[in-house]
Structures are given as C-alpha cells and as structure tokens.
Amino acid sequence: MAPLLCLAFQMAVILSQPVLSIAFSIPRPIHTSSGARNDIQLATKWKSVGPRLWNTPSRDAADTTDHRPATEMSVGKSFASDDFDINGNALSSQKSSSSPPFPIVLWRFTRPHTLIGSAIAIPSIFLLAAPTYASFCTSRTLASLLYAVVPSLLMNIYITGLNQITDVEIDKINKPELPMAKGDLKYSTATAVVLACLAISLAMSVAHPVFSTMGLQVALWGSFLLGTLYSLPPFRMKRHPFLAAFCIVAVRGTIINAGFYSHALSSAFGSGASAISSAGVLNCLLNDWKCGLSSLFFGVFGIVIALMKDVPDADGDRKFNIRSFTVRLGQKRVFSTMKGLLAGLFAVYGAGLMRWSTMTPLMPVAVTRGLVGLCCWAAGWTVNRESRGVNAEDSGEVYNYYMYLWKLFYLSYLALPFVK
C-alpha cells in the first residue's frame, strides 16, 4: 500500500505540471527563423528610413496631406508600433502592459520542472531504502522525509536562481522568457530570494539533533558547493565542458541519490550507532547495490539532460564564450549522441532487470522487476521515436524534446521503488 500511495502522489505531481504551466502562464521560448529574422531587420531599417522619406518637405509647404498609399501607411504604422532589438528581434511579444504578480514571477524563477524532479526523487529514494514498504508509513519516516524535502527544494531554488542571476545577458538570447531576462524580476530581489533559500537550507542541515544526518549534510552542502562553482565567477565551471559534466554527475548521481539514501537509513530506518555508521554515504554507495546502481543510472541520465539543455542554447553560449560540448562539437552531434546514450541506458538497465527477475524465488519481486525492465525498454524506444523529425538546429523542437526527457526522468524515479 505504501508504494502505491507514494506512486499516486507522484503521478499527481507529474500530471499537474502542464496544468500548472497553463495556470501560471509560463511561456515557451520564441525562436525566430533566419528568414523571419531578416524580415524583421528589414522592417527595422524601414522604420528609421521610411519616415524621413515620407516627411520630405514638398514644394508646396501648405500641402500637409499624407499622400502615401493606404497599404504603405498601414505597413509603416505596423512597423512603428513594434519594438526591435539590435539583432532585429521583435520585443513586443516579450513585453506586457504590466508585470505579472510576484508569486507567478517567483514560480517561474524557481524553474518548476527541476523542483518537480526533486519532489519526486526524494520520496522514491526513501522507498528504495526502506527495509519493507510498511516501514515507510510511520510518523518518524514521514517527518524525516519532510525534513529532507524542504531544504532540498530550497537548495534547488538557490542553484537554479544563481544560474539565472549570473546568466542574465546570455538568457536574453537563449531563454528570453525567464523572469530576469524578461525584466519581471529585479536583480536585488532575485539575490535576496536565493540567499534566503540558501541560508534556510544550510541551517536545516545542521539544526536538528536527529534529522540533520551526515547524509543530509552531504546532499545539501555538496549541492551548494558544486552549484556555486558551476555558475559563479571566477570559477564558472560551466565554461569548461568536462568540469561541467563532473558537476552534473556528482550532483545528480552521487550527492542526491547516495546522500538522501544515507539520510533515509540513518534518520528513518536505522537505530543504534552501528546502524547509523553503516549508513554512511560512501558505504552506501560502495556496498549497497540499490544505492550504487540507482546513483549510476541517474548520474548518466543527468548528463543527458544537462547536455541536451545546451543544444538549443548554442547561439548565446557561443556569443558569450561558454565552450559547451554543443559549441565545440555542434548541435547535431551532441543531440544524436545524447539520444543514443539515453536509449542505451534504458536498454542495459532493462536487460539487467529482466535477468534479475529470473534470479529471485519470490514471485511478486520477479513480476515487479520484470515489469520495470519492460518499461525501461519501452522508454528507450520512445527516446528514439520522439526524436524522429526533430531538427537539432531548431531550438524550439529541441526544447520540446528536452522537456519530454524530463518526463522520462520523473517516471524513472517513480519506478525506482519497485526494483528492490
């Protein structure tokens, strides 16, 4: 019953994502094709030159009648009513008569799809670490879970918020819909939000005598350290593809999965000094196959998501000298490689689960592992299916595919408790 209740909760979170996007009017990036961009640049020039041509004094100074044809008047008026940046990009679609309410701006600032990932991941890791499903439904476990989720979400806001603060100019090209790039959120307000989230998150990691475990501290402080080094000058590890990949593997793989797995064993399911000492992060990672294999899976998945995110951001990264793999190798090559890596990951883990399902004498365990293995193969098939027709150099198409990979990421955590 416990995993089913958790599954129902997590499915509700996933299904609510598009509803929340609509409710809070989260816009999608608007990517202009080269042809349309040239048309806009021509319109910009016409806007500046046209009035001078039309307003040339006539020989009859008393004749002030506008002799332009109606079509020219309407076109000129249309161009004059729009605002354009120096690259000829239309800004009128990005502006609104009034800024949205602060709660909506703050919600967009948090990068909701990453928050949903954390909200799903931690309960699933707790269920994976639980000795029995029944042990999950206790007041101690739920309190420990809540004490882990709250600072984790706050740390997530800090990391994604810091990245937006340091990338405002880049985001004006790559992600103009973000609050700071769009001008809906001031620099001072964003800084106050991320600092408050950081302070509360780190304080919670050390404040409680029982729930502030070493695993929780590793998860939060490790995420803080690598998230800061990733975005903040002068380090800016995101500028170097191999260092950026290390940050992603460390956070998405080791720190998140092993840290919260250790926290669950220590604070919710362990009793006594020996149990707590055996629940160390490194010990869990090396000696507990559930922790080790899940950390490896989500570490690789994290690389796929992170590098796929860079594919539609090539223009801004190239302009601001962010030497990502996409800038170095090209959009098509990175897109194809990451698609193949994720499909292969699902295929390998699916085969492993099918094999393990035949090695257990317990029929319920065999059935659940076999079903999860089949789901892995199905997910790998959809990775290739959804990529058909996607132009790797079309930012809008790649962005939609990238968000589909996030849904597979959520579903992977949903299936995690059923492989134990």
Side-chain angles (χ1 to χ4, degrees), residues 1-7 9-10 13 115 117-159 197-227 250-295 298-299 413-414 416-420:
M1 182 62 69
L4 294 178
L5 291 174
C6 185
L7 177 62
F9 165 75
Q10 293 170 329
V13 173
L115 280 182
S118 298
I120 292 175
I122 299 175
S124 294
I125 293 172
F126 265 66
L127 271 169
L128 183 68
T132 63
Y133 291 130
S135 62
F136 180 82
C137 293
T138 65
S139 58
R140 178 179 176 179
T141 300
L142 296 178
S144 175
L145 174 61
L146 182 63
Y147 199 86
V149 169
V150 172
S152 172
L153 297 181
L154 293 174
M155 184 58 68
N156 196 103
I157 296 173
Y158 165 75
I159 293 173
C197 290
L198 175 65
I200 297 173
S201 178
L202 294 182
M204 291 185 69
S205 72
V206 298
H208 199 279
V210 176
F211 296 144
S212 296
T213 63
M214 182 59 68
L216 182 63
Q217 292 170 9
V218 167
L220 297 178
W221 285 86
S223 299
F224 156 65
L225 178 62
L226 292 179
V251 172
R252 283 293 175 192
T254 304
I255 291 179
I256 296 296
N257 289 276
F260 286 113
Y261 190 94
S262 170
H263 169 71
L265 291 180
S266 299
S267 63
F269 309 120
S271 59
S274 60
I276 294 177
S277 62
S278 64
V281 175
L282 188 59
N283 187 68
C284 291
L285 195 62
L286 298 179
N287 299 320
D288 192 316
W289 68 268
K290 295 182 293 184
C291 179
L293 290 177
S294 64
S295 297
F298 286 104
Y413 266 114
L414 286 177
L416 187 60
F418 296 96
V419 303
K420 57 185 298 182

Problem - Contact summary for Ser295 and Asn257, nearest pair of heavy atoms - result: OG-CB, 3.4 Å
Handout entry: Spacing of Ile256 atom CD1 and Ser294 atom OG [to the nearest 0.5 Å]
Key = 12.0 Å
Handout entry: Closest non-hydrogen atom pair between Ser266 and Arg140, with its separation
Key = O-NH2, 3.9 Å
Handout entry: Residue list, side-chain hydrogen bond (donor to acceptor under 3.5 Å, both in side chains) with Thr254, at least two apart or on another chain
Key = none
Practice task
Kindly give the heavy-atom pair with the smallest separation between Ser223 and Ala219, and that separation in Å.
Solution key: OG-O, 2.6 Å
Problem - Main-chain N/O of Pro417 paired to Tyr133 side chain as donor or acceptor, under 3.5 Å - result: yes
Practice task
Without swapping roles, check the side chain of Tyr147 against the backbone of Met204 for a donor-acceptor pair under 3.5 Å.
Solution key: yes
Handout entry: Nearest heavy-atom neighbours spanning Cys284 and Leu265
Key = SG-CD1, 3.8 Å
Problem - Residues which pass side-chain hydrogen bond (donor to acceptor under 3.5 Å, both in side chains) with Asn156, listed by chain and number, not counting sequence neighbours - result: Thr114, Ser118
Problem - Nearest-0.5 Å distance, OG1 of residue Thr213 to CZ of residue Phe260 - result: 9.0 Å
Problem - Heavy-atom side-chain contact between Leu198 and Phe224 under 4.5 Å - result: yes
Problem - Nearest heavy-atom neighbours spanning Leu128 and Leu416 - result: CD1-O, 3.6 Å
Practice task
Please tell me if the side chains of Tyr158 and Ser201 come closer than 4.5 Å, counting only heavy atoms from C-beta onward.
Solution key: no
Problem - Pairwise side-chain contact, Leu142 with Leu146, heavy-atom cut-off 4.5 Å (strictly under) - result: no
Fill in the blank from the handout: Between Arg252 and Tyr413 the two heavy atoms that sit nearest each other are O-OH, 4.5 Å
Problem - Nearest-0.5 Å distance that lies between atom CD1 in Ile120 and atom CD1 in Ile125 - result: 12.0 Å
Exercise for the section: Please confirm whether the backbone N or O of Cys137 pairs with a side-chain atom of Thr141, one donor and one acceptor, at under 3.5 Å? Expected result: no
Exercise for the section: Run through Ser144, Ser262, Ser212 and flag the one making a side-chain hydrogen bond (donor to acceptor under 3.5 Å, both in side chains) with Ser267. Expected result: Ser144
Completion exercise
Separation between CG (Leu293) and CG (Asp288), nearest 0.5 Å, reads 9.5 Å
Problem - Met155 and Leu202, any side-chain heavy atoms less than 4.5 Å apart - result: yes
Practice task
Find out whether Ile122 and Leu145 are in side-chain contact, i.e. whether some heavy atom of one side chain is under 4.5 Å from a heavy atom of the other.
Solution key: yes
Fill in the blank from the handout: So CG of Leu127 and OG of Ser135: to nearest 0.5 Å the spacing works out to 8.5 Å
Exercise for the section: Can you measure from CD1 (Ile255) to CG (Leu225) and round to the nearest 0.5 angstrom? Expected result: 8.0 Å
